[in-house]
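Just below is one structure, and these are the notes that go with it.
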Amino acid sequence: MKMIVAFIKPFKLEDVKDSLKSVGVTGLTVSDIRGFGRQAGHTEVYRGAEYEVDFLPKTRIDVLVDDAMVGLVVGAIEKSARTGSIGDGKIAVLPVEDIVRIRTGERGKDAL
Amino acid sequence: MKMIVAFIKPFKLEDVKDSLKSVGVTGLTVSDIRGFGRQAGHTEVYRGAEYEVDFLPKTRIDVLVDDAMVGLVVGAIEKSARTGSIGDGKIAVLPVEDIVRIRTGERGKDAL
Amino acid sequence: MKMIVAFIKPFKLEDVKDSLKSVGVTGLTVSDIRGFGRQAGHTEVYRGAEYEVDFLPKTRIDVLVDDAMVGLVVGAIEKSARTGSIGDGKIAVLPVEDIVRIRTGERGKDAL
Amino acid sequence: MDISAGDTTWVIVSTALVLFMTPGLALFYGGMVRSKSVLNMLMMNFFTISIVTIIWVAVGFSFAFGKDAAGGFIGNLDFAGLKNIVGDKALPNAATIPASVFVAFQLMFAIITPALITGAIAERMKFTAWVVFCALWSLIVYNLVAHWAFAPDGWIVKSGARDFAGGLVVHINAGVAALALVLVLGPRKGFGREPFRPHSLPLTLLGTGILWFGWFGFNAGSALAANGLAGTAFITTHIAASLAALGWTAAEWMKTGKPTTLGAASGAVAGLVAITPCAGFVGPMAAIVIGLVAGVLCFLAVSLKFKLGYDDSLDVVGVHLVGGIAGSLMLGIFAQNSINPAGLLDGEKQIEGLIYGGAEFFKDQFIAVLAVLAFSFAVSFLLAKVIDAVIGLRATEEQEHSGLDISLHEERAYALSEVA
Amino acid sequence: MDISAGDTTWVIVSTALVLFMTPGLALFYGGMVRSKSVLNMLMMNFFTISIVTIIWVAVGFSFAFGKDAAGGFIGNLDFAGLKNIVGDKALPNAATIPASVFVAFQLMFAIITPALITGAIAERMKFTAWVVFCALWSLIVYNLVAHWAFAPDGWIVKSGARDFAGGLVVHINAGVAALALVLVLGPRKGFGREPFRPHSLPLTLLGTGILWFGWFGFNAGSALAANGLAGTAFITTHIAASLAALGWTAAEWMKTGKPTTLGAASGAVAGLVAITPCAGFVGPMAAIVIGLVAGVLCFLAVSLKFKLGYDDSLDVVGVHLVGGIAGSLMLGIFAQNSINPAGLLDGEKQIEGLIYGGAEFFKDQFIAVLAVLAFSFAVSFLLAKVIDAVIGLRATEEQEHSGLDISLHEERAYALSEVA
Amino acid sequence: MDISAGDTTWVIVSTALVLFMTPGLALFYGGMVRSKSVLNMLMMNFFTISIVTIIWVAVGFSFAFGKDAAGGFIGNLDFAGLKNIVGDKALPNAATIPASVFVAFQLMFAIITPALITGAIAERMKFTAWVVFCALWSLIVYNLVAHWAFAPDGWIVKSGARDFAGGLVVHINAGVAALALVLVLGPRKGFGREPFRPHSLPLTLLGTGILWFGWFGFNAGSALAANGLAGTAFITTHIAASLAALGWTAAEWMKTGKPTTLGAASGAVAGLVAITPCAGFVGPMAAIVIGLVAGVLCFLAVSLKFKLGYDDSLDVVGVHLVGGIAGSLMLGIFAQNSINPAGLLDGEKQIEGLIYGGAEFFKDQFIAVLAVLAFSFAVSFLLAKVIDAVIGLRATEEQEHSGLDISLHEERAYALSEVA
Ligand SMILES: Nc1ncnc2c1ncn2[C@@H]1O[C@H](COP(=O)(O)OP(=O)(O)O)[C@@H](O)[C@H]1O
Ligand SMILES: Nc1ncnc2c1ncn2[C@@H]1O[C@H](COP(=O)(O)OP(=O)(O)O)[C@@H](O)[C@H]1O
Ligand SMILES: Nc1ncnc2c1ncn2[C@@H]1O[C@H](COP(=O)(O)OP(=O)(O)O)[C@@H](O)[C@H]1O
């Protein structure tokens, strides 16, 4: 099993969610993050003084998946989150040793 | 060492924390997330129009533990976070290669 | 490749970011978390009643790096996040199996 | 007497100020609840405006200020449907302002009184149950007590006791009703164990500011004219609020080592409550004492709920009931006839407090307090029991967990994240 | 007649209250947009104050209230640069208050009217385009319509139709202009698919409270004196707001099963809008009907935008246009000469609504509504088209995605996290 | 002269409006600090109300408005403990309103002046140190300067200089004290390197709205009567605020390419500050100039702190000191005797600005500005030094890092997460 962690542009979340649903993902978790990367931050003005703000608002998605699904899921995120412009973000695939469904105590694949 | 990641119902956090303390966990990290899963989202009404809101407020817990503790910790979360109704969430166990305590530079088990 | 996850004191973020930039890190992701640990929580007073608040505001940093960079990055965080007083936080190194840059579809090291 | 444009303006403005207190109160309370039930709190308050307004127009004003129908207990129906209140005519007890302005001014008091109760029942009461309770309570508790103590032919006024701007009618009345209601409703899940911390203290402080501002209309407006009495009521109101904030904060500073903003805010409100019955009958020095006593006393009173085990969520009992009683009794101690000669309606009894030799007046105040306590508690408790039996007072455990906003109103207060 | 200190005070206070409505409106709207564009919404409103003020001082007041220059259509330039308004002199149509107070009071109406439009164009309009539109619209739409219906020699007043406090001049005028503008501007990305949920309903409720409070100055202040008429306007205003909140909420409760705070807030505003033209011409019972009708009608009207496909973001059309038309026509139904004898300027026609036999008056109202609709729509549409052609009305897609706050103002509304 | 109900109402309402400004200011400032110290900011402001009120009642009013005790420098103790102010009697310098109303009105000025200072010391000052500073400063700085420039027998008034509503007494006085205090206090950790971004600009904009609204009471209320002068002061106040918002925003638009909401808000406040001394002595055209100059000038002034290295956190110096000086000197340029004939107390000197040939009057203004600058700076600096030596002015580094809310008040402003 894997945990797929993606950092994406916030306004792409709906698209990514729809696309993940369509490949059969039944659950995912989302959080608000700020990202620093190649995409230039923006300038903010405060009291006439300008400041470079390095961090941009981004969205993090964590999806637990069975090994068999990894390619599909990564592909789905890739396609639906892409705008082609800088700052689209990254997807990382992390190994997972076990998963438990709290409600039932099911483990591994069955927990998904 | 492992990192145990759990997605739980927000109002269960206090219980989970107490139960983790009681099995000897000395540290953990919590964040606000939104989850999508089998638990039906809710409807929200805005200006007379209804919208399905897929994401529900959930809480994420990250606990770094020594290998020996994994079973105990997973069990503690499982028990204390369970309500038995849909949406109770998941626990994932991720491998960790190293841990550092920033204050002292201790590594591995000692860092916990 | 690895994902380096660090829990640090919020006011240290700027220092850590600068120090990571200086060792060549080109991207990172930040989020607001609350941490429970050895550092005593604080008391809050509400309506004359006192409550122990266990959780303290902390900051989480996730950095995806190439294996070659791990030592450098962990060291940079360690140094820049350290105040020497309790509550400085932890760094964990997690294995990563693959990374994708969404914009280009590049994989692995090239995605960084 | 003719209509005075100056007096009319002052009472119209005061009316607007008192209306503004209800949103102010909603924010004051709203900031103190958890973010998952703040909209329910706001909604209970805003809805109270609508409910009470329709009742007031129909019969409420007439019950309260109609010619006495039975022993100083209730007014007759002469003004039902607000018959005959439009135009330049005045009513006898507010002889220099148009009747419509007096009706509107008193309506705002009728609105804010049940709104005060909402603080006690936060985060767990069914919205429908509140609507029903609020309507019935306004109809048969508020209107009657207002008649007793505000109408010139009400029994409390005739007894010689006084209530300048609502110590009995508003604060004791609402405070004891809140107590009755929470006894039936029961505590929130986790009461006494979890802190239930305020989700936004800046909102609460904003509400405090609006309340303080509006309270000038409440108290100084109750002079019903723009004159020295209004000036006195204004300045005693301000002094008591300031000193009570000081008193509360000092007390908690001593006890816990830290002065809190919530303490300062609560103290100010406690002072405003306590000075309400007194504002037009006492001078600045008495206002200092009243403020300080109210601040310290209410600070001590809010911890009672933990000891006695009733969940008065945002301390309506600790602040309004205790503050209202303290104020009404301190009026019995500090009132001075010379400050408000017109306060004397019948030439029989002097309005002189205990320290000026007015033992009689103090006794009258005491009796009035007891009467309002008993009546309001009994009827409120009964109403709560009946509503509980018929439709249920309380949200389900599931709804309480999810928060009342999403479960009762299908709304969320905040969407600060940029995603859904 | 001499200057009356009482009347002067009432109109000065009303002026301050109406000014306060614009920040109130900004918060009301600001709470409803997404957090990435709330500052832009606040900025459009605050800037409108500055823009309209300078125009008003230069020529606006003179266009609106100067001696009629051409067939009741526009005032002359006698007051350009606010010549001759300082001091204790009064103007003929507000004989008991200093001219400067009347100028300031009317200025606040001139400000809030274009500010109302901003709700329709939320989250996508170029800030510069708004500045230009607002200036031109104020100059050639607002000032003229104000002359028609507020100045004693305006053609609408002379025709026999009436607008007590701005049903035609403010609400229909702004509402139909909003419609014209969004037709040219086009919908937000995602309109009809994403909910665009309000980012802070407590902010919106705070705004509602301020609006309700300020509206007493708007409507009761329009009596221009502190008398029974002001009292009538005050209480009808309050009743209509309360009942409309009830009506809207009841309608949605029936339709969706849940009463919402946004519904209560929107309903209150709808009631305030509808009573605006009527406040000083009807009694409490008519106010109940007007409020209820407005609440239900506007609730139904706001869903139209989804059916017809124009993105009136925060329902300026559904609330102000529909509510304004409803109010102006209900004035034609419920007006009673006896309530406002001075409303009759020329001794020719009676101001009696349809149910009191005033078919003529109803017709006059109807014509006035149509005239304002046609004129304001046409000129607003044209203005929008021209500005779009010259400098472009709309922010880029990229700016819309990132939010207008950061892209147009280089600011972020909130920094709640402790880190950058 | 008799008490006028109209005038009394206007001044009572103004008093309430000016009181409301302090919570408004608290929110204006509170929105600009980081979320970890917002409660401390609110608390410093609310506490100032309590502290100043008790001092005012004790001796403050008497120092300021008691019969002159020594060369126009300080009042005597005739009114200590507010002796003899209750009832329908008026004081000679406000002959148509009850003394209690005048006392309350002036109290609100005494409150907001030290409150203004809190913006400069945000996020790092010990709360106890503020309490002590505020009390002493109110006692020996504010009360004296108020006597000089507001009491008819104060030396500044007698010198021929004028301060309509507090350019000298409020803004220069607070602004220069803020400068003195931050010089002793030192900058926040990270000053000049980190942006310290405002944690909630909507809060700041709300505060701006309340300030603008309340300022009408401040300036137009200072006419102490409801007449043409009040009308003039009202409209000049509004015009200056509007134009200064425009001026500031235009300047930053040119410099940085983006107009900000904080710029518009700060500009409005700068305009309100600058018009304060002038409001009742100038006409609308002068108000335009005063507003524009203040907006641009204060915009330029706020960047000084980065160059000169003092951490005036929320720009009290840049806005109130610079705006206050600009306003007081522009009064010397634009004042017109004809606008405020009653402004002339002794028949000796004309109040005519430079452009009307009043070189003498300009010189008097200049001297008054210098005197207030010198006195207030010196005493404030001394007070700061003494308090620093005795109890320490500054929170510890640890407390500053954690935020003053949790470390000094054991509270957190927000709990938006659903968990602890
Ligand atoms: N090495 C990294 N570790 C963690 N997160 C990263 C890393 N690099 C980029 N990110 C995340 O991805 C986002 C986009 O990255 P960026 O370099 O701006 O553009 P792109 O993904 O198009 O190369 C960043 O804002 C950050 O959240
Ligand atoms: N595959 C998944 N990956 C990541 N998070 C998930 C996944 N499935 C569920 N979750 C998280 O667990 C929560 C509960 O899941 P849900 O399917 O609703 O109920 P249950 O856990 O009872 O099966 C979700 O809201 C989401 O946060
Ligand atoms: N076992 C753990 N798992 C996850 N996070 C931890 C763990 N222990 C500590 N942390 C995080 O690190 C922070 C600091 O830990 P703490 O024990 O207080 O001090 P120190 O790091 O100096 O030993 C905590 O607030 C928490 O966020």
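Here the structure is a predicted model, which is why all the values come from computation and not from measurement. All chains are named by letter (A, B, ...) in the order of the sequence lines, taking the proteins before the strands, and each is independently numbered beginning at 1. Below, all heavy atoms of this structure are taken into account, side chains as well, without hydrogens, waters or symmetry copies.
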- Message: Among F:L203, F:I49, F:V101, F:D405, which residue has the highest count of heavy-atom pairs closer than 4.5 Å to chain D?
- Response: F:I49

- Task: Quick one: which of F:G24, F:G87, F:G81, F:A413 has the most heavy-atom pairs under 4.5 Å with chain D, could you say?
- Result: F:A413

Where the side chain of [X] meets the backbone of [Y], is there a donor-acceptor pair that is under 3.5 Å apart?
X      : Y      : value
F:S50  : D:S242 : yes
D:S35  : F:L416 : yes
F:H409 : D:P259 : yes

Per-residue contact mode, [X] against chain D (heavy atom under 4.5 angstrom):
X     : answer
F:M44 : neither
F:T48 : neither
F:F47 : side chain
F:L17 : both

Can you measure from [atom1] ([X]) to [atom2] ([Y]) and round to the nearest 0.5 angstrom?
X      : Y     : atom1 : atom2 : result
D:L262 : F:M43 : CG    : CE    : 10.0 Å
D:D7   : F:T9  : CG    : OG1   : 6.5 Å
D:F216 : F:L19 : CZ    : CG    : 4.0 Å

Non-hydrogen side-chain atoms of [X] and [Y] separated by less than 4.5 Å:
X      : Y      : result
F:L42  : D:L201 : no
F:T53  : D:I239 : yes
D:L206 : F:L27  : yes
F:P23  : D:L205 : no

Exercise: identify the closest heavy-atom pair between [X] and [Y]:
X      : Y      : value
D:N227 : F:P98  : C-CG, 3.7 Å
F:A415 : D:P198 : CB-O, 3.8 Å
D:P284 : F:V86  : CD-CG2, 3.7 Å
F:Y414 : D:S200 : CE2-OG, 3.7 Å
F:L39  : D:P202 : CD2-CD, 4.2 Å
F:V57  : D:M285 : CG1-CE, 3.7 Å

- Is it the backbone or the side chain of D:S4 that comes under 4.5 Å from a heavy atom of chain F, or both, or neither? side chain

- Message: Is D:T8 close to chain F through its backbone or its side chain, or both, or neither, when contacts mean heavy atoms under 4.5 Å?
- Response: neither

- Option that, when pairs with chain F are counted at under 4.5 Å, heavy atom only, ranks first among D:G6, D:S338, D:G217: D:G6

- For chain F, which of D:G231, D:A226, D:S14, D:G267 has the most heavy-atom pairs under 4.5 Å? D:A226

- Message: Which label fits F:F127 and D:W253: parallel for a plane angle under 30°, tilted from 30 to 60°, or perpendicular past 60°?
- Response: tilted

- Message: Check the orientation of F:F213 and D:F213. Use parallel for under 30°, tilted for 30 to 60°, and perpendicular for over 60°.
- Response: perpendicular

- Task: Return yes if a side-chain donor-acceptor contact under 3.5 Å exists between D:T261 and F:E411, otherwise no.
- Result: yes

